[in-house]
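Predicted model, so just to flag it, every value in this text is computed and none were measured. Each chain gets a letter, A, B and so on, in the order its sequence line appears, and its residues count up from 1.
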Amino acid sequence: MNSLYAGIYRLVAQIPPGQVATYGQIASMMQRCGARQVGYALAAMPDDVDIPWHRVINARGEISARSGGSGESEQKRRLLAEGVVFNRGRVDFEACGWPGPDWRWLERHGYRVFPD
DNA sequence: AGATTGACTGCAT
DNA sequence: CATGCAGCCAATC
């Protein structure tokens, strides 16, 4: 497990229940990491770690389709169970969007505090 | 070392 | 609103 993946996992683990974050949002908090890497990291995520991967969705507020085929319904099911609000098939960012960890948390864990 | 491949994004059409 | 396309960056041939 390299540090990039570990960093992404730790960040994703900070998303509180009932809220969601986008791939790009996670990526922008990391040093030199694109949105695709976040998805790539989640796709390669080992099963022996407990990460709320279902709270990460794409910028359009929808569940991203994965190569595996299934898993999207599972993701939506978990989100609904946490009380995430869906509006016309998309997550309502106004109500459930994750504002992000506070700056102190980011600093303590070595993430980028200010964008460039 | 170069090409391909993604759970992505933003802008243009 | 749907598609297309370029930019993106680490992992994998």
Side-chain angles (χ1 to χ4, degrees):
Chain A
M1 183 60 57
N2 60 54
S3 63
L4 175 60
Y5 281 18
I8 291 175
Y9 298 156
R10 273 190 309 183
L11 198 43
V12 171
Q14 299 305 307
I15 308 174
Q19 292 189 279
V20 297
T22 68
Y23 298 97
Q25 193 180 348
I26 299 295
S28 64
M29 298 174 193
M30 303 287 301
Q31 298 283 162
R32 297 174 57 73
C33 174
R36 307 196 69 142
Q37 277 48 252
V38 177
Y40 196 82
L42 293 184
M45 187 171 53
D47 298 327
D48 60 329
V49 291
D50 188 21
I51 301 297
W53 53 270
H54 55 280
R55 301 191 187 126
V56 184
I57 60 182
N58 65 30
R60 292 160 42 187
E62 301 171 316
I63 310 294
S64 291
R66 62 216 63 193
S67 53
S70 69
E72 296 118 283
S73 56
E74 163 76 6
Q75 181 168 7
K76 182 169 184 178
R77 191 169 57 72
R78 292 197 189 197
L79 291 177
L80 287 173
E82 292 184 348
V84 171
V85 179
F86 278 76
N87 242 338
R88 298 199 217 99
R90 304 186 200 168
V91 170
D92 181 355
F93 281 115
E94 297 286 321
C96 308
W98 184 43
D102 57 78
W103 67 270
R104 189 164 290 287
W105 188 95
L106 289 175
E107 191 176 59
R108 220 177 22 208
H109 291 265
Y111 290 97
R112 178 198 313 171
V113 176
F114 299 107
D116 295 315

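If you check B/dT9, C/dC1, B/dA7 against the side chain of A/Trp53, the one that comes closest is B/dA7.
Between A/Tyr111 and A/His109, the ring planes lie tilted relative to each other; the angle falls in the 30° to 60° range.
What you find for A/Val38 and A/Ile8 is that their closest heavy atoms are CA-CD1, 4.0 Å.
Taking side-chain N and O atoms only, A/Ser67 has a distance below 4.0 Å to OP1 or OP2 of B/dA7. In this model, the phosphate group of B/dC8 is approached by a side-chain N or O of A/Ser64 to a distance below 4.0 Å at OP1 or OP2.
Contact annotation for A/Arg32: backbone-only contact, meaning every heavy-atom pair under 4.0 Å involves sugar-phosphate atoms and none involves a base. When heavy atoms are screened at a 4.0 angstrom cut-off, A/Ala65 is found touching the sugar-phosphate backbone but no base atom.
Looking at A/Tyr5 and A/Gln37, their side chains never come closer than 4.5 Å, going by heavy atoms from C-beta outward. With contacts defined as side-chain heavy-atom distances shorter than 4.5 Å, the pair A/Ile63/A/Arg60 does not qualify.
For the pair A/Leu4 CG and C/dC8 P, the interatomic distance rounds to 17 Å; values are reported in whole Å.
Salt-bridge check for A/Lys76 with A/Glu72: failed, with every basic side-chain N at 4.0 Å or more from each acidic carboxylate O.
Listed by residue number, A/Gly34, A/Arg36, A/Gln37, A/Tyr40 are the residues of residues 33-43 of chain A with a heavy-atom contact under 4.0 Å to DNA chain C.
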